[in-house]
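Down below is the structure, laid out as structure tokens.
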Amino acid sequence: MSSKDESTVKANMKYVYLVTTVAALGGLLFGYDTAVIAGAIGFLQTKFELSSAMTGWAASSAIWGCLFGAMFAGFTSDKLGRKKVLLGTAVLFSLSAIGSALPNTLTQFVTARFIGGLGVGAASMLSPLYISEIAPAKMRGMLVSLYQLAIVLGINFVYFVNLRIANVSNEAWNIEMGWRYMLGSEIIPALLFFILLFLVPESPRWLTLNGREEEATTILQKINGKDKGKLILNEIKETIRTEKGTLKELFGTKLRRALLIGLVLALFSQITGINAIIYYAPEIFKNIGFDTDSALQQTVIIGFVNTIFTFVAIYFIDRMGRRTLLLWGLSGMIICLGGTGLVFYLGHSASLWTLIFILGFIASFSSSLGPIPWVIMSEIFPTKIRGLAMSFATMTLWLGVVAITQFTPIMLENLGGAYTFWIFMGNAIFLLFFTYKMIPETKGRTLEEIEKSWSKKQGANS
């Protein structure tokens with residue numbers, strides 16, 4: 001390769017990383033918005049004299065916004081464009097940050113958090129979708145996985161922000177003002193996201209779909225090189241001509257397997273216990289000797305393992321492939337969930353083994369089932385209905401979040417830790433077999449090649 005070609009490739013990669021980083025900020029805001037409530041909820045409870053039920057409502061109000069945000073973002077992005085709707089999510093994040101910092105009543109607070117949830121839900125399906133439509137095929141898995149890394153970093157970052165704000169003054173100040181600064185701090189990354197979005201292009205696949213081929217060609221060539229860009233454009237045009245772009249097509253026989261894969265991955269990424277583990281881990285850590293007031297240490301340990309093993313996924317996802325990495329990660333999750341249930345069953349939940357199994361589960365999840373569903377869901381649907389299909393899958397994911405949030409405390413109280421974790425293990429076993437039987441490998445293939453493969457499979461089965 002000549003020095004000119006090498007410099008062109010480097011320039012292309014810089015542009016790809018710039019676009020991906022900006023889009024991934026939607027993930028950072030996802031993590032930031034959903035985790036910021038952890039530091040504020042205790043002070044809110046005292047400020048507004050909330051019962052346990054109303055405290056739960058205040059904490060979970062954003063999740064219901066997520067459901068509706070995911071529901072409408074796909075259809076809207078198919079009509080208006082990915083970039084415009086991402087800009088809309090940045091506005092929603094900003095409005096929520098301001099509104100959550102200023103309320104004088106619980107209703108005002110819940111309304112503001114619901115608005116933020118709309119942004120989270122929309123960004124949770126649109127950021128990975130946008131990255132997948134921009135990314136070169138050979139590194140698409142790694143680039144979409146950066147979205148999951150951004151979520152993790154957003155969660156970790158806001159823990160430290162909350163801690164710094166809480167340490168500014170005493171308890172009385174935090175009850176009156178501290179929580180307002182915590183929630184209002186989201187305005188900074190939200191405005192940054194909004195500004196930086198003006199530096200990135202519209203999705204070339206959406207542009208092609210809407211007859212703006214010249215713009216699409218420019219972007220594709222800037223990312224993939226002149227010749228490769230033209231080839232990809234022709235492939236996109238050819239594939240779009242065979243698509244109907246209707247809801248009936250999404251539920252038709254051709255895409256039935258793709259839709260099933262998207263929905264199962266979305267749901268089981270939540271009901272295999274990740275949120276239950278994170279919620280229950282602080283109590284477990286206290287039992288094995290951590291000081292009662294060491295919440296920061298507990299979240300830092302989880303956050304550190306989560307972050308490190310997300311990098312593992314980023315490194316291996318385009319080398320090993322999505323399917324292989326998912327099979328290995330699920331196997332690790334099954335072992336760790338089974339082990340956690342066993343130590344509870346034997347009455348040794350305060351042992352060091354509990355910590356080992358919990359951190360092993362986090363490592364297995366974050367290197368596989370954390371990022372891979374976002375990657376696969378953004379790859380397997382046709383261009384004309386990709387936004388709509390991603391909405392269905394992402395709504396299913398948020399329904400899983402609601403279910404696990406509502407039922408985990410009930411399961412722990414009525415079934416105990418052993419059977420709760422064994423139920424999660426059973427879900428992971430089902431997903432392992434589902435992955436082995438149903439999920440194809442998509443690494444290194446263009447989105448159009450993946451789409452054509454569904455027709456071939458349908459033809460082979462008919």
Side-chain angles (χ1 to χ4, degrees), residues 70-71 73-75 77-78 82 124-133 135 137 140-141 144-145 147 203 205-206 208-209 235-236 238-270 317-318 321-327 330 368-369 371-400 430-462:
M71 183 187 302
F75 172 80
S77 71
D78 283 340
R82 318 309 194 200
S124 68
M125 59 79 50
L126 199 50
S127 286
L129 182 152
Y130 174 83
I131 295 170
S132 76
E133 292 190 335
R140 187 175 57 245
V144 177
S145 295
Y147 170 76
S203 159
R205 285 171 170 84
W206 185 87
T208 306
L209 181 61
E235 191 176 31
I236 294 170
E238 180 188 343
T239 306
I240 286 173
R241 277 196 293 268
T242 67
E243 297 175 11
K244 297 182 179 70
T246 63
L247 193 62
K248 184 178 179 181
E249 182 185 16
L250 176 60
F251 289 98
T253 54
K254 174 186 171 183
L255 295 176
R256 188 172 294 158
R257 184 178 178 186
L259 183 61
L260 180 63
I261 289 169
L263 296 179
V264 169
L265 276 176
L267 179 63
F268 279 78
S269 69
Q270 301 306 309
I317 195 165
D318 285 316
R322 293 79 159 120
R323 185 174 180 274
T324 303
L325 192 58
L326 190 53
L327 289 171
L330 284 168
S368 61
L369 195 56
I372 288 174
W374 297 114
V375 176
I376 292 179
M377 289 190 303
S378 67
E379 292 178 325
I380 58 177
F381 298 113
T383 300
K384 282 187 179 179
I385 53 171
R386 186 169 291 126
L388 183 64
M390 275 286 286
S391 278
F392 274 101
T394 310
M395 280 173 57
T396 304
L397 183 145
W398 285 110
L399 285 170
F430 171 83
L431 185 56
L432 179 72
F433 281 103
F434 181 87
T435 300
Y436 182 76
K437 295 290 290 183
M438 295 292 291
I439 299 181
E441 186 52 71
T442 57
K443 74 168 185 175
R445 302 158 74 186
T446 66
L447 299 179
E448 289 66 40
E449 287 171 342
I450 295 168
E451 181 181 341
K452 288 177 183 176
S453 72
W454 301 121
S455 296
K456 292 175 183 177
K457 287 183 175 67
Q458 180 62 28
N461 293 334
S462 60

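We number each residue from 1, following the sequence as shown.
For the side chain to side chain donor-acceptor pair (under 3.5 Å) test, residues two or more places apart in sequence or in another chain that qualify with S77 are R82. Listed by chain and number, the residues in a side chain to side chain donor-acceptor pair (under 3.5 Å) with T442 are R322, E379 (sequence neighbours excluded). Residues passing the ring pair (Phe, Tyr, Trp, His ring centres under 6.0 Å) test with W398 are F30, sequence neighbours excluded. For F381, there are no ring pair (Phe, Tyr, Trp, His ring centres under 6.0 Å) partners two or more places apart in sequence or in a different chain. Evaluation of the ring pair (Phe, Tyr, Trp, His ring centres under 6.0 Å) rule for F430 yields F268 as partners, not counting sequence neighbours.
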Can you give me every donor-acceptor pair (side chain of residues 258-265, partner residue at least two apart or in another chain, under 3.5 Å) with its distance?
none

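Of all heavy-atom pairs between L330 and T435, the closest is CD1-OG1, 3.7 Å. Residues S145 and P371 share a closest heavy-atom pair of OG-CB, 3.8 Å. Counting all heavy atoms, side chain and backbone alike, R257 lies closest to K437 at NH2-O, 3.8 Å. When every heavy atom of R140 is checked against every heavy atom of R445, the shortest pair comes out as NH2-O, 2.7 Å. Closest approach of S368 and P373 over heavy atoms only: O-CD, 4.0 Å. Of all heavy-atom pairs spanning L397 and S269, the tightest one is CD1-OG, 3.7 Å.
Separating the OG1 atom in T446 from the CD1 atom in I236 is a distance of 8.5 Å, to the nearest 0.5 Å. A distance of 9.0 Å separates CE in M377 from CE in M125, rounded to the nearest 0.5 Å. Separation of atoms CG (L327) and CD1 (I372) is listed at 9.0 Å; rounding is to 0.5 Å.
A side-chain donor-acceptor contact under 3.5 Å links E441 to the backbone of R323. The closest donor-acceptor contact from the side chain of S132 to the backbone of S378 lies under 3.5 Å.
No side-chain heavy atom of D78 sits under 4.5 Å from any side-chain heavy atom of F75.
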